[in-house]
Structures are given as structure tokens and as C-alpha cells.
Amino acid sequence: MIDQRQFTELHKVYPAMAALPAALQQTLRQEGVLLKAPVGQLLFDLDGPCHSFVMVTAGSIRVTMPASNGREILLYRVQTGESCVLTVSCLMGQANYPARGVVENDLTAVAISQPLFARLVEQSAAFRAFIFRYFGERLAHLMTLVEEVAFHKLDQRVAALLLGRQDVIETTHQALADELGSVREVVSRVLKDMAARGVVRLERGQIHILNRAALTQIACPNGD
């Protein structure tokens, strides 16, 4: 059961919850489970069972696809007010997880069981619209990711990733490699080449963008 403060917070970040009929809201409050997890905690893993739907009220979850060689590729993040498309898919299809979910920032969330999730989808148009809106958005994102991995060179993908950040980026080569589904050595080689061309400056734990126009040219060599 979740208390009134937690229930109010859930309404604030998930407006679809406030649109539920009174009976469903009462059931949600009675059956919802408060979930708190620290950075690094494993929430679900490859081929693991899927029993509940998690609504994030603080923090974030990093969802990745691991490979047998220890590498992984970032699929997406689940942040406050968002939905995990793989959880939705597994709950509706009664399937195991095809990916891994790890707490990226200290997590506070409300978890509901598969039967209650199915009831909300069936009986609430607002909840159903929320679920399928995020499903469509995540699917489009994943299709873009597949295209990037399959057809774009790594230097293009590194440049595109950097372009989406501030001029001073607090990160490591390993963190970038994890996001791109590559290995640190290869990403470091690409970054060092960019540094030699005056596009970026590399410091310990930081990347400084010096020439966004050149970075854009690397990311989109044909002006696409």
C-alpha cells in the first residue's frame, strides 16, 4: 500500500493516474508497492521474469542489451513520468525480459502487479493512451538506434552524440562506449582523432567541444 503523499506524487508525474475512476484509484493505492533502489541495483535482467510495471517518481533506470562478450548497448533510459516499453511488451505478451535494467540514479517508484496493470489498460482510456503513446515513441527511438548501429560509422555516431550535449561534457570514454555499444579503445581512438583536428579538447573526465560546425560535418558528411 502507498500513503497519501506517495499517491499525490504519483498523480503529479503520471497525470493518467489522476484520470482513473475512483474505484481503480483506490485499488492502485491499496495494491501499489513503494520501490526504492540505489544506484547500480539490478532491477531486471536478460531472460528474467517480468511480474510488475514500475512508475518512476524520482531517479532513472538504464535499459541495455548485454552481449556474451561483456559489451552492451544502451537502448533507452526510463525517467520520471515515463514508461518502459520492454516491461509493457513483456507484461502484455507474458514473456521474459530481453534486456537488462539497472538503476542509474537513486530510484523511487511505485510498482503494480501484472493483473492490476492489465486491469488498468482494459478499464482506463487515459492509462491505455499513456501506455501506447510511450510504446510508439520508444519503438521509433529503437528503430533509429538500429539504423545508426547498422549503417552509420562510429565517428558519425560519436559526433552526433556529442552534438546533443553541452560544450563541456562530464563523461568518460567508457561511458560513451557503453552508450554507443562499442568498446572504449575504439571510441578513444575516434576522440583522439577529433582532438588532433581541433574539433574537441580532451581532459580527464571531460570533453570540450571546440568546433560544432566541424562536429556537425562529421556527424552528417553528406549534409543529411
Query - Salt-bridge present (Glu185, Arg189; N to O < 4.0 Å) - result: no
Report task. Report yes if some heavy atom in the side chain of Pro38 is under 4.5 Å from a heavy atom in the side chain of Val103; otherwise report no. Result -> no
Query raised in the report: Hey, any chance Leu74 and Leu163 share a hydrophobic cluster, counting ILVMFWY side chains that come within less than 4.5 Å of each other, even indirectly?
Result: no
Query - Glu9/Lys12 salt bridge by N-O under 4.0 Å criterion - result: yes
Query raised in the report: Do Leu120 and Leu116 come within less than 4.5 Å of each other through their side chains, counting heavy atoms only?
Result: yes
Report task. State plainly whether one hydrophobic cluster holds both Val200 and Ile169, where clusters connect Ile, Leu, Val, Met, Phe, Trp and Tyr through side-chain heavy atoms under 4.5 angstrom apart. Result -> yes
Report task. Measure from the side-chain N and O atoms of Thr216 to the backbone N and O of Arg212, and report whether any donor-acceptor pair falls under 3.5 Å. Result -> yes
Query raised in the report: Closest approach of Val39 and Asp106, non-hydrogen atoms and distance?
Result: N-OD1, 3.0 Å
Query - Chi angles and distances behind the side chain to side chain contact (heavy atoms under 4.5 Å, CB included) call for Tyr134, Val85 - result: CA-CA 7 Å; Tyr134 262 98; Val85 64; over 6 Å; no
Query raised in the report: Is it true that atom CD of Glu170 has more than 12 heavy atoms of other residues, nucleotides or ligands lying nearer than 6.0 Å?
Result: yes
Requested in this report: For residues Leu210 and Gly198, report the shortest heavy-atom separation together with the two atoms involved.
Outcome: CB-O, 3.6 Å
Report task. Report the C-alpha separation of Leu191 and Leu162 in whole Å, then their side-chain angles, then the decisive distance to 0.1 Å, and conclude whether the side chain to side chain contact (heavy atoms under 4.5 Å, CB included) test is met. Result -> CA-CA 10 Å; Leu191 289 171; Leu162 296 181; 4.1 Å; yes
Report summary line: Here the gap from Leu75 atom CG to Met65 atom CE, rounded to the nearest 0.5 Å, amounts to 5.5 Å
Query raised in the report: With a 4.5 Å limit on heavy-atom distance, are the side chains of Glu31 and Ile112 in contact?
Result: no
**Report entry** side chain to side chain contact (heavy atoms under 4.5 Å, CB included) between Leu107 and Leu43, worked out
**Finding:** CA-CA 10 Å; Leu107 186 73; Leu43 293 182; 3.7 Å; yes
Report task. To the nearest 0.5 angstrom, please state how far the SG atom of Cys50 sits from the CG atom of Asn96. Result -> 8.5 Å
Report summary line: Smallest heavy-atom separation, Pro66 atom then Glu72 atom, equals CA-CB, 3.9 Å
Query raised in the report: Below 4.5 Å, heavy atoms only, C-beta onward: do Ile209 and Leu215 meet side chain to side chain?
Result: yes
Query raised in the report: So, for Ser83 and Val88, which heavy atoms are closest and what is the spacing to 0.1 Å?
Result: OG-CG2, 3.6 Å
Report task. Look at the side chain of Tyr14 and the backbone N and O of Thr80, then say whether any donor-acceptor pair between them is shorter than 3.5 Å. Result -> no
Report task. Give, for atom NE2 of His173 and atom CZ of Arg184, the distance between the pair rounded to the nearest 0.5 Å. Result -> 9.0 Å
Query - Any donor-acceptor pair under 3.5 Å from Gln25 side chain to Ala18 backbone - result: yes
Query raised in the report: Can you tell me how far the CZ atom of Arg119 sits from the OG atom of Ser113, to the nearest 0.5 Å?
Result: 10.0 Å
Query raised in the report: Do Leu42 and Ile61 belong to the same hydrophobic cluster, where Ile, Leu, Val, Met, Phe, Trp and Tyr are linked whenever their side-chain heavy atoms lie under 4.5 Å apart, directly or via other members?
Result: no
**Report entry** Validation row: Leu86, Val63 side chains within 4.5 angstrom (heavy atoms)
**Finding:** yes
Query raised in the report: Do the side chain of Arg29 and the main chain of Ile2 share a donor and acceptor less than 3.5 angstrom apart?
Result: yes
Report task. Mind listing the closest non-hydrogen atom pair of Met17 and Phe127 along with its distance? Result -> CE-CD1, 2.9 Å
Report task. Step through the shown structure and confirm whether more than 12 heavy atoms of other residues, nucleotides or ligands are within 6.0 Å of CD on Gln4. Result -> yes
Query raised in the report: Are Val56 and Phe7 joined in one hydrophobic group, where the rule is that I, L, V, M, F, W and Y side chains link up if heavy atoms are under 4.5 Å apart?
Result: yes
Query raised in the report: Gln6 side chain to Asp3 main-chain N or O, any donor-acceptor pair under 3.5 Å?
Result: yes
Query raised in the report: Is the shortest heavy-atom distance from the side chain of Phe117 to the side chain of Met92 under 4.5 Å?
Result: yes
Query raised in the report: Under a 4.5 Å cut-off applied to non-hydrogen side-chain atoms, are Thr87 and Val78 in contact?
Result: no
Query raised in the report: Do side-chain atoms of Thr108 reach the backbone of Thr57 as a donor and acceptor pair under 3.5 angstrom?
Result: no
Report task. Only one of Arg62, Arg157, Arg77 passes salt bridge (charged side-chain N to carboxylate O under 4.0 Å, His left out) with Glu179; say which it is. Result -> Arg77
Query raised in the report: Closest approach of Leu20 and Ser124, non-hydrogen atoms and distance?
Result: CD2-OG, 3.3 Å
Query - Single-linkage hydrophobic cluster, 4.5 Å side-chain cutoff, Phe53 and Leu139 together - result: no
Query - From OH (Tyr97) to OG (Ser89), nearest 0.5 Å - result: 10.0 Å
**Report entry** Separation between CZ of Phe44 and SG of Cys84, rounded to the nearest 0.5 Å
**Finding:** 4.5 Å
Requested in this report: Report yes if the side chains of Ile207 and Leu202 come closer than 4.5 Å at any heavy-atom pair, otherwise no.
Outcome: yes
